[in-house]
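What follows is a set of notes on a single structure, which appears directly below.
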Amino acid sequence: MLSALVFYIIFCYGPMYGIIIAFKDFNVKAGILGSPWAGFKHFKRLFLDPEFFKIIRNTLLINLYQLLFAFPAPVVFAIMLNEIGSKRYRRFIQTATYLPHFISWVVMAGLLIYFLSPTNGIVNYVLKALTGKTIYFMSKKEYFRSIIVISGIWKEIGWNSIIYMAAIAAIDQSQYEAAICDGANRFQRMWHITIPSILPTVSVLLIMSLGSFLGSNFDQVFNLLNPVLYETGDVFDTYVYRVGLTQFQYSYTTAIGLFRSVVGMILIVIANFLSNKLSNGEVGMW
Amino acid sequence: MLKYSKSEKVFEIFLYIILGIIAFTTIYPFIHSFSISLSDRGEALRTGWHFYPKKVDLESYRRVLSSSQIWIGYANTIFRTVVGTFLSILFTIFAAYPLSKKYLPFRSFFISMIFFTMLFGGGMIPTFILIKDIGLYNNRWVYILPGIANAYNTFVMINFLKNIPASLEESARIDGAADIKVLFKIVIPLSTPVIATMALWNGVGHWNSFMDNLLYVTEKDKFVLQEVLRQILIQDRTDSFAALLKTVEKPPAGESLKMATVMVSIIPVIIAYPFLQRYFEKGVLLGSIKG
């Protein structure tokens with residue numbers, strides 16, 4: 001019955017064995033074992049490479065902006081949705097905003113590029129009507145990170161709000177009734193009941209998201225990226241893909257990948273430790 | 001009933017408007033691209049709002065549907081979605097069922113072994129070399145086999161199976177049923193909710209993924225739909241339709257062709273969407289239970 005473990009050994013542990021090429025000068029003919037050892041050569045190069053610091057900076061900045069804007073967005077969205085009296089309207093909003101979650105980033109990025117186009121994009125059409133200016137969004141590197149964060153919110157706000165909607169639904173209704181008897185108005189009820197009740201869920205998800213702080217959504221960034229935007233938009237995955245697989249620098253990019261994996265693992269362990277501590281061991285991955 | 005003060009009513013109206021705008025921004029792009037896909041050249045190139053196609057022209061659909069690359073992509077994507085989802089759920093159950101039993105020897109070793117893959121991985125390049133070495137490069141099975149080892153799904157499944165009362169299985173065993181029979185006759189039927197939800201995640205994931213195609217497959221007859229789409233939409237290669245372009249006097253605009261391609265690719269998702277909706281909430285909550 002443990003036949004499934006074979007898949008883990010091949011596809012998860014197999015690549016881990018391949019990591020040793022980060023300490024070698026890999027060439028395809030000699031294979032993993034036959035390639036000559038190179039020691040820490042690739043790691044030395046990495047810490048002197050301005051490109052490496054560029055991708056770290058981009059990854060960290062995108063994650064930081066996501067933490068500041070994309071993380072709270074679904075929380076606020078769920079609270080707003082909860083305040084809507086009409087159930088049918090709420091249902092409609094949910095149906096509409098869950099939809100993009102199921103559409104691939106290829107399609108979403110394709111639509112986005114088309115809508116942001118300076119010649120016949122709808123966004124520039126509205127922008128021109130309002131301000132008289134048009135903006136070449138996809139060829140200006142200063143906009144790229146905002147586009148990543150905003151398009152991420154656009155695609156996932158509805159979906160990510162589900163968990164908060166569930167947390168709100170679990171609140172004991174008698175709390176609200178008691179508050180109404182005490183004369184609390186709507187804003188006071190939101191501030192003193194709804195928000196504190198979902199705060200544990202929010203903080204756990206926040207800490208968990210710190211575990212992926214060096215990660216990025218390859219599907220999203222790759223499809224929106226173009227060479228003009230490398231300066232602000234290149235992240236680990238896109239760089240490793242381009243330099244590793246299209247320029248054949250296998251060993252060097254494996255070293256970059258290893259660096260990311262190790263730091264990423266430390267971050268996950270810290271995140272889990274914190275969330276266990278915060279919830280007294282009730283919530284956490286292990 | 002509750003009586004709201006004036007400021008509370010104004011606030012609610014404000015919420016209706018804000019949420020309406022958010023919903024509009026997620027729905028409108030699809031309406032717009034649907035209209036463009038059906039519009040003739042002049043209308044498609046007009047800048048501005050497109051809520052419905054004004055001058056209908058089906059030419060772009062005719063071209064998209066007569067492009068063999070789209071159909072190849074479709075066939076490969078359906079293959080990976082159906083076979084891939086089936087196999088990954090089957091093997092997830094195979095891994096999770098024994099691991100849900102406390103008395104399994106070396107249980108904690110196997111669990112840690114699977115768990116470790118969630119923390120650490122070999123990375124893109126070593127995986128690429130491995131795929132090449134084991135002969136999955138330019139092979140359709142590369143879309144399916146690596147995804148079978150999914151630690152997250154396995155843990156969700158283990159958690160679910162733990163809660164099936166042991167007495168049900170024991171009584172079947174007393175009646176002489178073998179392990180495999182217990183699994184297929186008792187455990188799997190009891191797990192349909194979790195299986196349905198997992199099939200939804202997996203199926204959507206398969207339908208939408210292109211990265212494995214980008215990395216491991218270069219032969220066009222093995223491309224999946226998303227990669228075909230990516231070349232048309234992102235890389236602006238509408239040349240697969242170009243051969244047909246000269247045949248009519250007023251060819252459809254490039255935008256119409258692109259949007260028709262988008263529509264053709266998302267229609268199955270849109271059709272399935274209402275049926276999937278009831279699994280959404282269950283699905284998200286399922287993943288948040290502690291392992």
Side-chain angles (χ1 to χ4, degrees), chain A residues 1-5 7-8 11-12 14-16 18-19 21 32 80-81 83-85 89 92-93 96-100 102-104 106-107 109-111 114-115 120 122 125 154 157 162-163 166 180 185-186 218-219 223 237 240-241 244-245 250 253-254 257-258 261 265 268 283-286, chain B residues 2 4-5 8 12 15-16 18-19 22-23 25-27 29 32-33 45 47-49 91 94-95 97-98 110 113-115 117 119-130 146 148-149 204 208 210-211 215 226 229-230 233-234 255 258 262 265-266 269 273 280-281 284-285 288 290-291:
Chain A
M1 291 297 241
L2 290 170
S3 57
L5 283 177
F7 287 95
Y8 286 92
F11 292 108
C12 297
M16 290 185 206
I19 287 176
I21 67 162
I32 294 176
M80 291 201 298
L81 209 52
E83 292 296 320
I84 290 286
Y89 191 68
F92 161 73
I93 301 282
T97 52
Y98 292 171
L99 178 66
F102 293 90
I103 307 295
S104 70
V106 173
V107 168
L111 291 180
Y114 170 51
F115 289 135
N120 56 357
I122 188 78
Y125 174 76
W154 175 49
I157 188 168
I162 293 180
I163 194 152
I180 292 166
N185 69 28
R186 195 170 186 170
F218 180 84
D219 284 18
N223 282 313
D237 289 333
V240 168
Y241 167 73
L245 291 185
Y250 290 142
T253 46
T254 302
L258 180 60
S261 301
M265 183 166 76
I268 298 174
V283 197
M285 280 198 300
W286 71 91
Chain B
L2 272 173
Y4 287 134
S5 71
E8 289 174 329
E12 182 152 356
L15 288 183
Y16 273 84
I18 289 279
L19 291 172
I22 295 174
T25 60
T26 56
I27 284 289
H32 185 108
S33 55
L45 293 175
T47 312
W49 301 103
F91 278 97
F94 281 176
Y97 180 56
F110 290 130
M113 189 186 134
I114 294 177
F115 182 69
T117 65
L119 294 181
F120 188 78
M124 192 188 286
I125 308 297
T127 310
F128 175 79
I129 294 170
L130 174 88
I148 287 177
V204 172
N208 286 339
F210 75 99
M211 191 180 175
L215 295 178
Q226 298 300 333
L229 266 174
R230 192 181 70 84
L233 278 178
I234 313 280
E255 274 74 17
K258 285 185 181 180
V262 166
S265 84
I266 67 174
V269 182
Y273 184 64
F280 289 178
E281 273 139 59
V284 170
L285 297 176
S288 60
K290 182 173 171 160

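Keep in mind the model is a prediction, meaning the values are calculated, not measured. Below, chain A is the first sequence line, B the second, and so on; all start at residue 1.
B/Phe91 is linked by a ring pair (Phe, Tyr, Trp, His ring centres under 6.0 Å) to A/Phe7, B/Phe94, counting only residues two or more places apart in sequence or in another chain.
In terms of heavy atoms, A/Tyr98 sits closest to B/Tyr273 at CB-OH, 3.3 Å. Taking all atoms of both residues into account, the shortest heavy-atom contact from A/Ala96 to B/Ile27 is CB-CG1, 3.4 Å.
Among the candidates A/Thr253, A/Ile32, A/Ile103, the residue making the largest number of heavy-atom pairs closer than 4.5 Å to chain B is A/Ile103. For the set A/Met16, A/Met80, A/Arg186, the entry with the most heavy-atom pairs within less than 4.5 Å of chain B is A/Arg186. Here A/Asn223 is the residue among A/Leu258, A/Asn223, A/Asp237, A/Ile157 with the most heavy-atom pairs under 4.5 Å with chain B. Here B/Ile148 is the residue among B/Ile22, B/Ile148, B/Leu45, B/Ile18 with the most heavy-atom pairs under 4.5 Å with chain A. Comparing B/Ala23, B/Gly121, B/Gly48 by heavy-atom pairs within less than 4.5 Å of chain A, the highest count is held by B/Gly48. Your options are B/Val262, B/Leu215, B/Thr127, and the one with the most heavy-atom pairs under 4.5 Å with chain A is B/Thr127.
For A/Leu81, the parts lying near chain B are the backbone and the side chain together; criterion is any non-hydrogen pair under 4.5 Å. Both the backbone and the side chain of B/Leu15 come within contact range of chain A, each with at least one heavy atom under 4.5 Å from a heavy atom of that chain. Both the backbone and the side chain of B/Leu19 come within less than 4.5 Å of a heavy atom of chain A. When heavy atoms are compared at a cutoff of 4.5 Å, A/Tyr8 approaches chain B by way of both its backbone and its side chain. Contacts between B/Ile266 and chain A at a heavy-atom distance below 4.5 Å involve the side chain alone, from C-beta outward. Contact annotation for A/Ile84: both backbone and side-chain heavy atoms come within less than 4.5 Å of a heavy atom of chain B.
Within the 4.5 Å cutoff, side-chain heavy atoms of B/Ile114 are placed close to those of A/Leu5. Side-chain atoms of A/Ser104 and B/Phe210, non-hydrogen and from C-beta on, never get closer than 4.5 Å to each other. Taking the side chain as every heavy atom from C-beta outward, A/Tyr114 and B/Ser33 never approach each other to under 4.5 Å. Side-chain atoms of A/Leu99 and B/Thr26, non-hydrogen and from C-beta on, never get closer than 4.5 Å to each other.
Rounding to the nearest 0.5 Å gives a distance of 12.0 Å between CD1 of B/Ile125 and CD1 of A/Ile19. Atoms CZ and OG1, on A/Phe11 and B/Thr117 in that order, are 13.5 Å from each other to the nearest 0.5 Å.
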Practice item. Please step through side-chain contact (heavy atoms from CB on, under 4.5 Å) for the pair B/Leu229 and A/Val107, ending with a clear verdict. Key: CA-CA 8 Å; B/Leu229 266 174; A/Val107 168; 3.7 Å; yes

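No side-chain donor-acceptor contact under 3.5 Å links A/Asp219 to the backbone of B/Met211.
Among A/Thr254, A/Leu245, A/Val240, the single residue meeting the side-chain contact (heavy atoms from CB on, under 4.5 Å) criterion with B/Phe128 is A/Leu245.
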